[in-house]
Novice: 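Can you keep this structure in mind? I'll have questions shortly.
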There are 2 protein chains.
Amino acid sequence: MSASDHLNHFCSENICPCQEKCPLSTALGIIGGKWKIPILCALNYDGPTRYNALRKKIKGVTNTMLVTSLKELEADGLVLRTQYNEMPLRVEYKLTENTNNLLPILGNLTVWGKEIEN
Amino acid sequence: MSASDHLNHFCSENICPCQEKCPLSTALGIIGGKWKIPILCALNYDGPTRYNALRKKIKGVTNTMLVTSLKELEADGLVLRTQYNEMPLRVEYKLTENTNNLLPILGNLTVWGKEIEN
DNA sequence: CCGCATCCCGCTCGATACTG
DNA sequence: CAGTATCGAGCGGGATGCGG
């Protein structure tokens with residue numbers, strides 16, 4: 001089994017189907033964007049986190065971008081939003097099982113990234 | 001060993017280091033962009049390929065984008081350019097060992113992408 | 001055959017101010 | 001506390017034409 005066999009999952013035709021809609025592009029699209037990884041990383045490290053805590057932890061992010069990114073992650077099923085109608089209002093974000101399946105893959109990508117940085 | 005342990009490779013501080021330079025961001029930056037994956041996919045499927053053949057295979061790509069993407073991939077050590085000074089000129093591109101290490105990870109991402117599409 | 005140079009557009013993202 | 005609304009800059013990417 002050559003290394004190429006792994007890619008044949010999504011490149012099994014004479015013309016690469018990745019140009020159109022393919023699962024790999026879907027995956028990369030979901031975790032793409034400037035703030036997605038920092039958000040996932042923060043939530044993974046800290047567990048359920050409140051909105052403002054998240055904003056303070058992720059340096060440089062604005063309300064606009066944090067809200068937008070969180071909404072997309074929620075729509076894609078990676079993040080769960082829980083609202084507690086207390087006083088004052090409390091909203092917590094946490095990772096879902098879908099994300100837990102993704103984490104080891106990102107870990108592998110990290111290892112690969114380390115090697116290539118040399 | 002929890003799923004989280006995988007991410008702790010690149011998120012081992014109180015404040016997520018991914019916001020600054022981290023190997024995961026590096027990796028995603030390298031394979032990011034609209035045409036990187038289609039190029040890697042085509043080269044993986046077909047082996048060493050000439051410039052024009054690559055351009056015909058990757059539907060919709062322009063000279064500008066193909067050249068730019070190939071140069072970046074070459075600079076990042078994912079693609080090797082070989083020029084044969086024949087008549088007419090022949091230039092072939094192929095994947096490097098660095099890329100072969102990446103392929104199984106992309107395969108895993110593809111599997112994850114398939115599952116989340118449902 | 002294999003590119004490069006230039007111009008231009010849309011979309012992401014940032015800054016700022018405001019609200020339930 | 002947890003967001004919204006709006007505006008504009010910057011950059012990735014597309015179109016076109018030219019050069020070795």
Novice: Within this structure, what is the CG-CZ distance for the pair B/Leu70 and B/Arg81, rounded to the nearest 0.5 Å?
Specialist: 9.5 Å
Novice: So what does A/Tyr93 touch, heavy atoms closer than 4.0 Å: a base, only the sugar-phosphate, or nothing?
Specialist: sugar-phosphate
Novice: Distance-only, no hydrogens or angles: does the A/Asn98 side chain make a donor-acceptor pair with backbone N or O of A/Gly77 under 3.5 Å?
Specialist: yes
Novice: Under a 4.5 Å side-chain heavy-atom rule over Ile, Leu, Val, Met, Phe, Trp and Tyr, are A/Val67 and A/Leu40 clustered together?
Specialist: yes
Novice: For B/Gly113 and A/Ala27, work out which heavy atoms get closest and say how close.
Specialist: CA-CB, 4.2 Å
Novice: Treating B/Trp112 as the side-chain partner and A/Thr99 as the backbone partner, does any N or O pair qualify as donor plus acceptor under 3.5 Å?
Specialist: no
Novice: Between atom CD1 in B/Ile58 and atom P in C/dG3, what is the gap in whole Å?
Specialist: 13 Å
Novice: Kindly write out the residues that satisfy salt bridge (Lys or Arg N to Asp or Glu O under 4.0 Å) with B/Arg90, not counting sequence neighbours, or none if the list is empty.
Specialist: B/Glu86, B/Glu92
Novice: Could you tell me whether A/Arg50 contacts a base, only the sugar-phosphate backbone, or nothing, with contacts defined as non-hydrogen atoms closer than 4.0 Å?
Specialist: sugar-phosphate
Novice: What is the distance, rounded to the nearest whole Å, between atom OH of B/Tyr51 and atom P of C/dC2?
Specialist: 9 Å
Novice: Is it true that a side-chain atom of B/Thr49 and a backbone atom of B/Gly47 form a donor plus acceptor pair closer than 3.5 Å?
Specialist: yes
Novice: In residues 66-83 of chain A, what residues come within less than 4.0 Å of DNA chain D, judged by heavy atoms?
Specialist: A/Val67, A/Lys71, A/Arg81
Novice: Please report the distance, rounded to the nearest Å, between CD in B/Glu86 and P in C/dC1.
Specialist: 13 Å
Novice: For the pair made of CZ in B/Arg55 and C1' in C/dG3, what is the distance, rounded to whole Å?
Specialist: 10 Å
Novice: Rounded to whole Å, how long is the line connecting atom CG of A/Asn85 with atom P of D/dC1?
Specialist: 16 Å
Novice: In whole angstroms, how far is the P atom of D/dA2 from the CG atom of A/Leu54?
Specialist: 10 Å
Novice: Identify which nucleotide among C/dG3, D/dG3, D/dA2 has an atom closest to any side-chain atom of B/Val91, counting heavy atoms from C-beta outward.
Specialist: C/dG3
Novice: Using the salt bridge (charged side-chain N to carboxylate O under 4.0 Å, His left out) definition, which of the options B/Lys94, B/Lys57, B/Lys56 pairs with B/Asp46?
Specialist: B/Lys57
Novice: Take the protein atom CD of A/Glu92 and the nucleotide atom P of D/dC1, then report the distance between them rounded to whole Å.
Specialist: 14 Å
Novice: Within this structure, what is the CG-to-C1' distance between A/Leu89 and D/dA2, rounded to whole angstrom?
Specialist: 6 Å
Novice: Roughly how far apart are A/Glu74 CD and A/Ser69 OG, rounded to 0.5 Å?
Specialist: 12.5 Å
Novice: Between N or O atoms, less than 3.5 Å apart, protein on one side and nucleotides 13-17 of chain C on the other: list the pairs.
Specialist:
residue : atom : partner : partner atom : Å
C/dC13  : OP1  : A/Lys34 : N            : 3.2
C/dG14  : OP1  : A/Lys34 : NZ           : 2.5
C/dG14  : OP2  : A/Trp35 : NE1          : 2.9
C/dA15  : N6   : A/Thr64 : OG1          : 3.0

